[in-house]
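The basis for the numbers below is simple: all heavy atoms, side chains too, and nothing from hydrogens, waters or symmetry mates. Note that this is a predicted model, so its numbers are computed, not measured.
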Amino acid sequence: MTTVRRARAESLSATQARRIALAAQGFTDRRPAGPVTRRHLQRVLERVRLFQMDSVSVAVRAHYMPLYSRLGFYDRGLLEQAAWEPTARRPALLAEYWAHEAALIPIEHWPLFRWRMDDFQHGRYKEAVGDPQAAAMRTQIREAVAELGPCTSGMLEEHLGHEKRTRKGTWWDRSHVKYLCEVMFAAGELAAVRRSGFARYYDLTENIVGENAEVTVPRDEAIRELVAGSVTALGIGTEVDIRDYYRLKPQAAREALDDLVAAGRVQQVEVEGWAKPAFLDPAARLPRKVERTALLSPFDSLVFFRPRTERLFDFHYRIEIYVPEAKRVHGYYVFPYLMGERLVARVDLKTDRAGDQLLVLGAFCESRADPLEVATALAADLLDMAQWLGVSRIEVGSRGDLAAPLTAAVHAQL
């Protein structure tokens, strides 16, 4: 077992900072010897504090990957039950809200976002401001949701007798009902669960988050706790790293950090090669080494803030979903690959369920890594991932400098 010690120090090397970050995110914790349970999910959630969501399902939806990256094979129904299918014996652990973009957060953290809900009373982009019909329509929507129970905007449109737009406009093809549902979700007036693929089913907030819906935490206190939680989740980071975790505004985050440093809950340190001061969780662990391998979602909290990813791992990473295909460098939906304490490769993955296969559309090795060593480890992890995704084969394409050794390694391990 990798030994660890407390990370408290006045200055740290870049290697130490990287190891602290990996430990804080759960990549030095032991993987379960048996089936992954609700307790294991809770442990990961204590580490990362949120699972970012994304609608792209070309390989697997983003919120399923963090548990897999840290725990290995698990039943995705475990996460779905914890978020959207609670029972009397197993109440919900997670709720969706705008944390780091759309994310699943612990239900008990819901009150920490009340100030943001207040700021979003007219939507994230103030889209309902000045609309004379909005207040009356919101009342109608709330009454309809109370009557219908969890429902999509389409179900509400039908119930209220509204037609969906048939041509694109300012709000794309969203009806007035749809965009007000999103306004009410941002304002905390409605909450939502995901069903039928990835559709939001809106419900009264109290039905999803329970008594947390009534709890109010003062803005300054809530932001201070979010900043403290960010430091814990990151282990170490600059001020901009820390405020990005929950997309906080600079001034509020700086004031909270100052308070936390003064109270001894956060320690300011210097990190070799970092131009800005760093902030350390005094309880952070510093492992002697990191031996984990893991495929990472583009939206994993270890890598979702790209400047920090580059600073920690010397790994320049940009997602290319919105880049025209001809101009993409690595591919549409590329997973960074962690090996030890380095990001050593990136693979463009797609799950072909009809063909019962996991497609590796491109595979690229970082210049400082050994392609044969990386290919051997990556092949084993891809075979495990294919089994987790419920497909029986892996097909490696020809694109990328790692494609040939990876093809050979996959064939050797079958």
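For the pair E85 (side chain) and E80 (backbone), a donor-acceptor distance under 3.5 Å is absent. Under the 3.5 Å distance criterion, the side-chain polar atoms of Q268 are left unmatched by any main-chain donor or acceptor of D258. Looking only at distances, no side-chain donor or acceptor of S153 sits under 3.5 Å from a matching main-chain atom of V177. Distance alone, capped at 3.5 Å, places no donor-acceptor pair between the H109 side chain and the P106 backbone. A side-chain donor-acceptor contact under 3.5 Å links E320 to the backbone of G331. The closest donor-acceptor contact from the side chain of R70 to the backbone of P66 lies under 3.5 Å. A donor-acceptor pair is defined here as one N or O able to donate and one able to accept, closer than 3.5 Å; such a pair exists between the side chain of R353 and the backbone of L389. Here the side chain of S69 pairs a donor or acceptor atom with the backbone of L295 at under 3.5 angstrom. Using a distance-only test at 3.5 Å, with no hydrogens or angles considered, a donor-acceptor pair links the side chain of T152 to the main chain of M155. Checking side-chain atoms of D241 against main-chain N and O of T238 turns up a donor-acceptor pair under 3.5 Å.
L45 is not listed as a side-chain neighbour of L104, based on a closest heavy-atom distance of 4.5 Å or more. Contact annotation: the side chain of V36 never approaches that of D75 to less than 4.5 Å [non-hydrogen atoms, C-beta and beyond]. Residues Y74 and H40 fail the side-chain proximity criterion, which asks for heavy atoms closer than 4.5 Å. Looking at L67 and L41, their side chains come closer than 4.5 Å, going by heavy atoms from C-beta outward. Side-chain contact between F364 and R399: present, with at least one pair of heavy atoms (C-beta onward) separated by less than 4.5 Å. Looking at I236 and V271, their side chains come closer than 4.5 Å, going by heavy atoms from C-beta outward.
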Using atom types as modelled, flag every donor-acceptor pair under 3.5 Å from a side chain in residues 206-218 to any protein atom, sequence neighbours excluded.
{"residue": "E206", "atom": "OE2", "partner": "R142", "partner atom": "NH2", "Å": "3.3"}
{"residue": "N207", "atom": "ND2", "partner": "D203", "partner atom": "OD1", "Å": "3.1"}
{"residue": "N212", "atom": "ND2", "partner": "V209", "partner atom": "O", "Å": "3.2"}

*Give the intermediate values and the outcome of salt bridge (Lys or Arg N to Asp or Glu O under 4.0 Å) for residues D29 and R292.*
CA-CA 9 Å; D29 294 350; R292 179 67 54 85; over 6 Å; no

*Which is it for Y337 and E366 under the side-chain hydrogen bond (donor to acceptor under 3.5 Å, both in side chains) test, yes or no, and what are the steps along the way?*
CA-CA 10 Å; Y337 183 57; E366 294 297 287; over 6 Å; no

*asked:* Pair E341, K289 - check salt bridge (Lys or Arg N to Asp or Glu O under 4.0 Å), show working.
replied: CA-CA 8 Å; E341 59 189 60; K289 57 183 177 180; over 6 Å; no

_R49 and E225: CA distance, side-chain angles, deciding distance, salt bridge (Lys or Arg N to Asp or Glu O under 4.0 Å) verdict_ = CA-CA 12 Å; R49 295 177 64 90; E225 290 309 307; over 6 Å; no

*Show the numbers, then the answer: is there a side chain to side chain contact (heavy atoms under 4.5 Å, CB included) between F185 and W98?*
CA-CA 9 Å; F185 174 79; W98 295 109; 3.7 Å; yes

*For Q52 and S301, run side-chain hydrogen bond (donor to acceptor under 3.5 Å, both in side chains): C-alpha distance rounded to whole Å, both residues' side-chain angles, the deciding distance at 0.1 Å, then the answer.*
CA-CA 7 Å; Q52 186 176 341; S301 50; over 6 Å; no

*Check against ring pair (Phe, Tyr, Trp, His ring centres under 6.0 Å), Y246 and H100*: CA-CA 5 Å; Y246 287 113; H100 182 97; 8.6 Å; no

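Closest approach of L286 and R19 over heavy atoms only: CD1-CB, 4.1 Å. Smallest separation of non-hydrogen atoms from V231 and L280: CG1-C, 3.9 Å. Listed here is the closest heavy atom pair of A99 and R116: O-NH1, 3.3 Å. Taking all atoms of both residues into account, the shortest heavy-atom contact from Y332 to R328 is CD1-NH2, 3.5 Å. Considering every non-hydrogen atom in both A21 and L302, the closest pair reads O-CD1, 4.4 Å. Of all heavy-atom pairs spanning E96 and A192, the tightest one is CB-O, 4.5 Å.
With 3.5 Å as the limit, one finds no donor-acceptor pair spanning the side chains of S297 and D300.
Salt-bridge formation is detected for the pair E189/R138: a Lys NZ or Arg NE/NH1/NH2 atom is positioned less than 4.0 Å from an Asp or Glu carboxylate oxygen. Taking 4.0 Å as the cut-off between side-chain N and carboxylate O, R219 and E221 do not count as a salt-bridged pair. Under a 4.0 Å N-O distance rule, the pair R18/E272 does not qualify as a salt bridge. Between R114 and D119, none of the side-chain N atoms (NZ, or NE/NH1/NH2) sits under 4.0 Å from a carboxylate O, so this pair counts as no salt bridge. Classification of R200 and E182 as a salt-bridged pair holds, one side-chain N sitting under 4.0 Å from a carboxylate O. A salt bridge between E239 and R254 is present, with a side-chain N of the basic residue lying under 4.0 Å from a carboxylate O of the acidic one. With salt bridges taken as basic N to acidic carboxylate O contacts below 4.0 Å, none links D259 and R265.
Around the NZ atom of K126, the shell of radius 6.0 Å holds more than 12 heavy atoms that belong to other residues, nucleotides or ligands. Summarising the local packing, CZ of R247 is surrounded by more than 12 heavy atoms from other residues, nucleotides or ligands at distances under 6.0 Å.
A cation-pi arrangement is found for R311 relative to W274, the charged atom lying closer than 6.0 Å to the ring centre and inside a 45° cone about the ring normal. Under the 6.0 Å distance and 45° angle rule, R346 counts as a cation-pi partner of F315. Annotation: cation-pi geometry not satisfied between R194 and Y201 (NZ/CZ under 6.0 angstrom from ring centroid, within 45° of ring axis). For the pair R306 and Y317, the cation does not sit on the ring face, since its NZ or CZ is not both under 6.0 Å from the ring centre and inside 45° of the axis.
Below 30°, between 30° and 60°, or above 60°: for F299 and Y333 the angle between ring planes is between 30° and 60°, a tilted geometry.
Taking the ring centroids of F304 and Y245, they lie under the 6.0 Å cut-off. Residues Y68 and W388 place their aromatic rings such that the two centres sit under 6.0 Å apart.
For E108, the salt bridge (Lys or Arg N to Asp or Glu O under 4.0 Å) criterion is met by no residue, not counting sequence neighbours. With sequence neighbours excluded, the residues that form a salt bridge (Lys or Arg N to Asp or Glu O under 4.0 Å) with R43 are E46.
The only option from V396, L349, D348 that meets the side chain to side chain contact (heavy atoms under 4.5 Å, CB included) definition with L361 turns out to be D348.
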